[in-house]
Structures are given as C-alpha cells and as structure tokens.
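Reviewing the structure listed below.
Note: hydrogens, waters and symmetry copies are ignored here, and every other heavy atom, side chains too, is used. Lettering follows sequence order; numbering is per chain, from 1.
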Amino acid sequence: MTLIEIMIALTIFAFIGIAVYSATTQTFRLKRIVQREADFFGAIRIAMTILDRDILGLFSPVGFIAPTPLSLQNNSRNGNGRQNGNISGAPPTENTRPLPNALTQNTDYWLGAIEPMGIRYSRFYGEPEVMRFVTNLHERVYQGSPESTFARVSYELKADPKSKTTSYRLIRTESANAFDDVDKKELFLKVNEIADGISKLKFRYYSARKKNWENRWDTQSDGERYEYPELIECEVTFTSPEKSTFQGKFVFQPGYPFRGLGRTF
Amino acid sequence: MALFLVMASIALLTFLVTEFSYVSQVHSRLSYDYVDSLKAHYAAQTGLKMSLLRLKAFRELSMLAQGEAAAAVPGLNQQVLDSIWSIPFRYPFPKDLPGLSPLFKSEIVKFEKASASDASWDAIISADSNKINLNLLVSGFNLAPSKQKKTTGPDPDAPPPPPPTQPNQPREKPPEFTPEESRKSFRQQIAQIFENKSQLDPYFANKLRLIDQDELVDNLITWVDPQHQGQNRSGKQVVPYKRAPFYHISELRMIYPIDDEVFDIITQVFTVGPKSAININTMQRALIEIVFPALKREDIDEFLIFRDDPQADNRFKKVDSLWEYLGKINSTYRDESLKTVKNDLISRGITLSVSDQRFSINVVGRSRGATRRLEVAITLDDPVPATNRNTRSSDGAPDANIQSDNSQINSNNLPANTYPQLENVPGLRIWFNREW
C-alpha cells in the first residue's frame with residue numbers, strides 16, 4: 001500500500017465520516033423537533049379532553065323536579081297562568097315552612113332555592129375567558145375520602161409570568177366540596193394548569209332557544225335564567241417554544257338533555 | 001476500517017429506525033385510542049337510545065294493559081311487560097340464543113355486515129323501585145307532584161275513603177305524610193339493617209359499637225332537609241351540610257360516619273331520587289322487614305315463596321291483593337289494624353305499587369381498547385309537551401314575569417314562580433346521567 005493509497009483511503013473515510021456525522025446529527029435534531037411537536041399536540045389534546053369531560057358532566061338537578069301533570073297545572077294556575085307556591089302547583093300547606101335565607105341566595109355555583117325541598121339549580125357562568133359550573137364526573141381517588149361524584153369546576157385564563165412573550169395558561173380549579181356556597185381555600189380544592197403557551201382563547205356558548213352563539217352566559221341572568229348552553233365552543237391558539245402554532249375550534253356538548261327529551265329522544 | 005465504518009453506520013441506523021418506529025407507534029396508538037374512545041361514546045349512546053325505546057314501549061303497553069284495550073291484547077300480563085325492559089341487551093346481537101331461527105340468524109349476520117361500526121355495547125336496565133328513597137327525610141318531599149297515574153291498583157297515597165257522615169258530624173282528618181314519622185321509621189330501619197349485618201359479620205358487629213347511629217341519622221337528616229338543625233355532635237362532619245335532597249347516592253360518602261363499608265350496607269336497602277313507589281313484586285327481604293315490621297321471619301319466607309313461585313304467576317296485580325294475602329298470613333294486616341298499617345305507611349311517606357316507575361340504565365360502549373360507561377336514572381311520568389311549559393311563552397322565551405333576583409319572595413319565603421318545566425313528550429324523565 002502506497003502513501004497515495006492511504007491518503008485516498010483517509011480522504012474517502014473522512015468524507016464518509018463527515019456525511020454520517022452530519023446525517024446523524026440532523027436526524028437527532030429532527031427527532032427532537034418531532035418529539036417536541038408531538039408533545040405540543042399531545043398537551044393540547046389532553047387539555048381539550050379534560051375540558052370535554054368536565055362539560056360532558058355539566059350538572060343541574062333539572063330533571064329532579066317532576067313536570068306537573070296537565071290536570072294539576074290547570075287546577076293550580078292563578079290568574080296570570082302561573083303556578084302558585086311550590087313545585088306541585090298545589091297551594092302552600094303547613095309543610096311549606098320558610099327556607100333558611102342562605103338557601104335562597106344565588107352564589108357562585110348554585111342558584112337560590114325557590115321550592116320547599118331546597119332543590120337548587122346549579123349556576124353556569126361563562127365569559128370569553130372564564131367558565132364556572134358543577135360537574136358530576138368527579139373521580140374519588142382515595143378510599144374513605146368524603147367525596148361524591150359532584151365537583152365545582154372553574155376554568156380561567158391567566159397570564160404566564162414565566163413567559164417573555166404574551167402567553168397564557170389555562171387554569172382548572174376543582175373542589176369536591178360541591179355543595180358549599182363559598183369558594184374558599186379548603187381541603188378539597190385542587191388547582192391545576194392544564195395548558196400553557198396559549199396566545200388566544202375564547203369560549204362561546206350556544207343557546208338552543210335563541211339559536212345563536214353568546215359570548216357570555218349566566219344561569220341567574222334574565223336572558224338565560226334556568227337555562228344551560230347546548231354547546232360550548234373553545235377557540236384557541238397555542239404557540240410552542242419553537243414558535244410553531246396551532247389554531248383550532250373545539251365544540252363540546254353537555255351530556256344531560258337540559259331541554260328535556262323530545263319526541264324522538 | 002471500512003468494515004468498521006459500515007458496521008457502525010448500520011448500528012446507528014438501526015438504533016434510529018427503532019427509536020423512530022417506537023415513537024411513531026406510540027403517537028399512532030394515542031390517535032387510534034382517541035378515535036376508539038369516540039366510537040365507544042357513540043356505541044354507549046346507541047345503547048342508551050335503545051334502552052329509552054324499551055322503557056317507552058314498556059310505559060305505553062303498561063297504559064294499554066290497564067285501559068279498555070286490555071281485553072284486546074290477551075296475555076299482556078305484568079311478567080310479559082317487565083320482560084320488555086328486564087332482559088339485558090347487547091350489540092352485536094348474540095347469534096347463539098336458544099330458539100333463534102336460522103332466518104333470524106341470517107338477518108343478524110346481514111345487519112352486522114351492513115353496519116360500518118366495529119364497536120359493541122351492553123345495556124342493562126334495572127328497577128330502583130324495590131328500595132326506600134332517602135329523600136323521604138325531607139320535610140317538603142311529598143309536596144312534589146304525587147298524583148301520577150298508577151300503572152295498576154288503587155292509589156295507595158290516597159287516604160281511605162271517609163265513611164258516610166252526618167251533616168253536622170266533623171269529618172275525620174285524612175292521614176298525611178309527616179317527616180317526623182318518616183325519620184323515626186328511618187332510625188329504626190338503620191338500626192335494623194346494622195343489626196342484620198352484625199349477625200352475619202362479627203367484624204362489623206365490633207365496628208358497630210364505635211358507630212354513633214344517632215349522629216349518623218342526625219347528620220343524614222341535616223344533609224337533606226333545609227329545615228332541620230343538625231348538631232354535629234362529634235364535630236367530625238367536615239363537609240358542610242348540603243340541606244337539599246340527595247341528587248346521587250354517592251353523596252352519602254360525604255356524611256360522617258359513613259365509610260365505604262357502611263355505604264355498601266345502606267345502599268342495599270336505600271336509594272335516592274325523585275318520589276316514586278316501592279314495587280311489591282320485586283322488594284326483597286331486607287326491605288320487606290322494614291316496610292312490614294309486623295311480619296315474622298317465617299311469614300316473609302312464606303311470602304317470598306308464594307310471590308316468586310316459578311310454577312305460577314303469583315305476582316300481585318293490585319296493591320289490594322297484597323293486603324288480602326298479608327291478611328291471610330298475619331293478623332296485623334286484617335280489619336281495623338290494617339287501616340292503622342296503611343295510615344302508618346302514608347305517614348312514613350311509603351307508597352306501594354305493583355310495577356316499576358324508577359329505573360337505572362347502565363350502558364358500556366366498547367371499541368377495541370376504549371370503554372365508555374353511561375349511568376342514567378329515569379322516572380316514568382305523564383308526558384309534558386314543550387307547549388305546556390309553565391314559565392315560557394309560546395315561542396319558548398322565558399316568561400317576562402320571572403324574577404331576576406331574590407327580592408320578591410312571597411309570604412312563604414319562596415318566589416311566586418316555579419322552575420321551568422322540561423319538555424317530556426315521551427314521558428321518560430331523566431333526572432341524572434353521567435358518562436365516563
């Protein structure tokens with residue numbers, strides 16, 4: 001083997017080595033990018049799945065109150081065509097004692113009771129960047145813990161203090177102490193950040209009665225009194241640290257038929 | 001050297017390909033799981049719709065069976081009616097059922113081939129009318145509409161018809177539901193089911209000594225009744241009292257001293273929900289002991305053997321038949337003392353029926369590895385179409401008279417309006433549902 005042959009071999013080896021190194025580093029770089037992208041979209045999917053689950057369980061004891069049979073409705077209506085006093089349409093009896101004042105007040109998650117049993121409709125409150133409601137899909141994790149299937153849930157968009165750009169986090173707050181009126185720091189409260197890197201988020205609420213999308217919803221207001229949104233839309237834009245963006249519209253539907261069962265279910 | 005280079009390159013490429021393949025498989029699986037979850041959701045919804053249809057058919061045929069048209073449909077007895085909802089249903093339809101004709105089998109195969117769905121579901125409907133409703137502890141519970149049509153038999157809520165009276169003779173006051181009686185009865189019922197459990201389970205007998213039953217009952221009543229002032233004697237009731245009826249049985253877990261074991265014992269006999277009657281044709285021993293405390297163990301054995309005799313249809317066709325039968329096996333249920341028993345039931349808020357009015361539907365939808373479960377609670381009601389909503393105008397808009405705040409409370413501390421009524425054309429009222 002001559003020196004020239006060795007030189008040629010080394011040159012070829014160097015070329016091949018550089019090519020392999022370059023391909024390898026490029027591949028690892030791409031792998032990292034793909035992994036980050038997958039994590040980015042995975043995080044969006046998880047956040048939207050959590051939101052979907054909570055909205056699916058949107059609860060209010062609407063069906064708990066029996067519809068008055070037509071015969072009773074006709075007998076008990078007053079001059080205005082409206083019913084008297086209690087849910088049966090029957091006139092108040094000695095059992096109809098005044099409810100404690102605290103139960104007749106509207107609060108963050110429950111409306112004031114208007115019938116003698118103390119049944120309270122839950123309050124759905126929605127703004128473009130805030131949502132509060134009661135869900136019935138709470139998972140009891142620890143054996144023996146005093147929790148039911150109900151929980152108060154809220155979603156709120158908050159600025160991300162760590163981010164250098166305008167970026168927000170979606171914060172989910174859940175309390176298994178579902179029937180307490182006061183939203184206070186408590187044993188049952190869990191606060192989780194379910195998504196970050198949000199550059200824009202907007203909730204909208206579909207009214208089946210008005211047949212249009214509303215930017216705000218409050219079950220205690222005149223416009224939506226005792227009503228719940230048929231659909232909830234979440235329009236969101238995420239931006240990853242690599243500046244790739246995802247823009248999407250997700251539409252969620254509560255599982256309970258709040259407007260009752262129609263002729264064809 | 002060249003060989004080394006080739007080997008190293010191949011090793012590196014193998015590692016990279018494996019890594020890529022693994023990552024892409026994970027993400028592919030995640031995406032498919034999402035799709036499967038969606039398929040399972042719709043499979044569960046299909047099972048629910050089918051179950052609602054069966055209950056609707058049960059309701060319609062029950063009404064037919066008690067009406068004038070009953071004679072035109074021979075053999076339409078309660079057993080046949082109950083089989084409409086009681087048989088578990090599934091998709092894909094089983095093809096190996098005994099008695100299934102080849103024609104039916106080929107139709108099933110044809111249907112499955114035509115269907116694009118590869119998901120499956122199982123639906124079970126169960127009646128909750130054989131348990132006692134804990135919401136009877138609420139003071140105003142029987143103010144709810146209670147004049148629902150009974151499927152058969154007289155209305156046991158109705159007081160016995162007053163005897164003919166002289167014009168000047170004061171009429172006897174009919175018995176009415178009293179929450180105090182219901183609570184007294186409830187204390188006894190709780191004590192009895194704990195006692196029954198203690199006899200079977202020595203471990204629980206030891207545990208029972210540590211359970212303050214009075215506190216349990218007091219906490220339960222305070223939880224459901226807005227009027228009751230609880231004491232929280234031990235101070236261990238950490239969750240604030242709800243002071244409204246139970247919306248779901250799981251709320252029991254929030255009440256001290258109900259732990260998981262006590263929860264299981266209580267839920268064997270008690271349930272929660274809107275008002276409905278107890279079905280005398282399905283009630284079991286524990287409940288019979290509570291509803292008819294005068295019956296001895298031997299009486300109950302005899303009762304169950306008679307009612308559940310597989311050789312004969314001895315199910316009660318009306319509530320009066322039950323009183324006749326009980327009168328034969330126990331003197332407490334005869335003559336004058338029967339009237340006392342009936343009044344006692346009314347004061348405890350217990351209503352009897354020969355068929356079921358309250359049901360639970362449990363559906364499991366599956367698609368490959370994904371599973372979705374549905375739990376739905378339903379009561380059969382009179383149909384109420386949307387046009388009869390009492391707080392909405394004809395276009396469905398809220399009545400202008402609905403108050404926007406709590407300022408206008410009437411003399412009973414209640415606003416003059418009521419909650420709006422749901423459209424309920426099929427007469428099936430879903431009062432609870434959850435999917436997970």
Side-chain angles (χ1 to χ4, degrees), chain A residues 13 16 20 24 27 38 56-57 61-70 72-73 80 82-83 85-88 90 92 95-100 103-105 112 114-120 136-137 143-144 146-149 177 179-180 209 222 225-226 255-257 259-263 265, chain B residues 1 5 9 12 16 23 27 30 49 52 138-141 143-145 147 226-227 238-240 242-245 247-248 250-251 253-254 259-260 274 381-382 384 388 390 396 398 401-402 404 406 409 412-415 417-426 428-431 433-436:
Chain A
F13 177 76
I16 293 172
V20 168
T24 310
T27 310
L56 189 68
V62 172
F64 215 81
I65 295 162
T68 313
L70 295 181
L72 281 181
Q73 281 186 22
N80 297 326
R82 285 166 44 205
Q83 290 185 310
N86 56 52
I87 57 174
S88 67
N95 281 338
T96 319
R97 285 184 289 164
L99 285 170
L103 295 180
T104 61
Q105 304 299 314
I114 61 166
E115 53 74 53
M117 284 167 67
I119 291 176
R120 304 173 71 178
N136 66 11
L137 284 172
Q143 197 179 19
E147 297 172 22
S148 69
T149 191
N177 186 8
F179 306 106
D180 198 3
R209 180 172 56 79
D222 284 346
R225 194 162 175 78
Y226 303 135
Y256 184 80
R259 287 174 62 81
L261 285 176
R263 194 171 295 280
F265 303 148
Chain B
M1 178 65 82
L5 195 67
S9 301
L12 200 63
L16 283 172
V23 171
H27 288 286
L30 280 172
K49 295 279 166 79
L52 289 174
V138 186
S139 306
F141 193 68
L143 292 175
K147 304 299 176 192
Q227 310 290 357
V238 290
V239 182
K242 180 183 174 192
R243 313 191 74 187
Y247 303 145
H248 191 258
S250 65
E251 286 174 43
R253 297 187 194 278
M254 301 175 89
D259 61 11
D260 290 353
D381 278 328
D382 282 350
V384 176
N388 288 305
N390 62 325
N401 293 322
I402 290 179
S404 57
N406 293 307
I409 305 287
N412 293 302
N413 202 16
L414 299 168
N417 63 297
T418 61
Y419 290 119
Q421 301 219 333
L422 292 177
E423 179 177 340
N424 189 17
V425 182
L428 310 174
R429 175 161 46 102
I430 295 179
W431 51 270
N433 88 322
R434 66 184 194 130
E435 180 184 344
W436 71 104

message: For A:Gly118 versus B:Pro245, what's the shortest heavy-atom pair and its separation?
response: C-CD, 4.4 Å
Interatomic distance, A:Asp180 atom CG to B:Met254 atom CE [nearest 0.5 angstrom]: 9.0 Å
query: Do B:Arg243 and A:Phe179 touch side chain to side chain, with heavy atoms closer than 4.5 Å?
result: no
field: Heavy-atom side-chain contact between A:Pro146 and B:Arg253 under 4.5 Å
entry: no
query: When only pairs under 4.5 Å are counted, which of A:Ala38, A:Gly57, A:Ser148 shares the most heavy-atom pairs with chain B?
result: A:Ser148
- prompt: Which atom pair, heavy atoms only, marks the closest approach of B:Tyr247 to A:Ile119?
  reply: OH-CA, 3.7 Å
- request: Of all the heavy-atom pairs spanning B:Asp260 and A:Gln143, show the shortest one and how long it is.
  value: OD2-CG, 2.8 Å
statement: Bottom line for A:Glu147: the part with an atom under 4.5 Å from chain B's heavy atoms is backbone
Atom of A:Asn177, atom of B:Val239 and distance for their closest heavy-atom approach: OD1-CG1, 3.6 Å
- request: Mind checking side chain to side chain donor-acceptor pair (under 3.5 Å) for A:Thr149 and listing every partner two or more places apart, or none if nothing turns up?
  value: B:Arg434
